Amino acid sequence: SARAMAIRLAEQAPFDGILVTAAARAIPPALVDQLRPGARLVIPVGQPYAHQDLLLLEKGLDGALSLTEVLGVAFVPLTGGGKAQATGSP
């Protein structure tokens with residue numbers, strides 16, 4: 001299942017980068033937690049079948065987060081049973 005795969009991947013963290021290929025309603029904090037300092041997360045974020053933004057989240061060497069909107073996109077929804085918590089800012 002997608003949830004079991006996510007748990008197995010989390011055990012291998014931290015990662016240099018994560019590329020998500022399905023849209024989330026918000027950036028899942030668990031993915032941010034799995035980034036090593038200096039790493040990047042690329043993820044489409046937005047409502048299903050509506051406007052979404054491709055976001056680039058970078059974790060600095062000091063752990064500080066920066067967020068860049070790259071462009072508008074349309075991806076299928078992210079599924080898998082987990083609930084993403086909304087993050088107002090990185």
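Numbering of residues begins at 1 and proceeds along the displayed sequence. Values below: every heavy atom of this structure, side chains too, minus hydrogens, waters and symmetry copies. Every value quoted in this text rests on a predicted model; they were computed, and no experiment measured them.
Side-chain contact between L31 and V20: present, with at least one pair of heavy atoms (C-beta onward) separated by less than 4.5 Å. Using a 4.5 Å heavy-atom cutoff, the side chains of I27 and L57 are in contact.
Side-chain atoms of K59 come within 3.5 Å of backbone N or O of V32 as a donor-acceptor pair.
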Pair R40-L56, side chain to side chain contact (heavy atoms under 4.5 Å, CB included): steps then yes or no: CA-CA 7 Å; R40 295 177 177 149; L56 169 62; 3.9 Å; yes

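Applying the side-chain contact (heavy atoms from CB on, under 4.5 Å) test to A22 and every residue at least two apart in sequence or in another chain returns V76, L78. Residues that satisfy the salt bridge (charged side-chain N to carboxylate O under 4.0 Å, His left out) test with D16, not counting sequence neighbours, are R36. Scored by the side-chain contact (heavy atoms from CB on, under 4.5 Å) test, A30 finds Q34 as partners (sequence neighbours excluded).
Pairs of residues two or more places apart, or lying in two chains, never qualify as salt bridge (Lys or Arg N to Asp or Glu O under 4.0 Å) while including a residue from residues 61-77.
Hydrophobic clustering of Ile, Leu, Val, Met, Phe, Trp and Tyr side chains at less than 4.5 Å, counting indirect connections, keeps L71 apart from L67.
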May I have the list of side-chain donor-acceptor pairs in residues 42-54 shorter than 3.5 Å, sequence neighbours left out?
{"from": "Q47", "atom 1": "OE1", "to": "R25", "atom 2": "NH1", "distance (Å)": "2.9"}
{"from": "H51", "atom 1": "NE2", "to": "D53", "atom 2": "OD1", "distance (Å)": "3.0"}
{"from": "Q52", "atom 1": "OE1", "to": "F75", "atom 2": "N", "distance (Å)": "2.7"}
{"from": "Q52", "atom 1": "NE2", "to": "Q47", "atom 2": "O", "distance (Å)": "3.2"}
{"from": "Q52", "atom 1": "NE2", "to": "F75", "atom 2": "O", "distance (Å)": "3.2"}

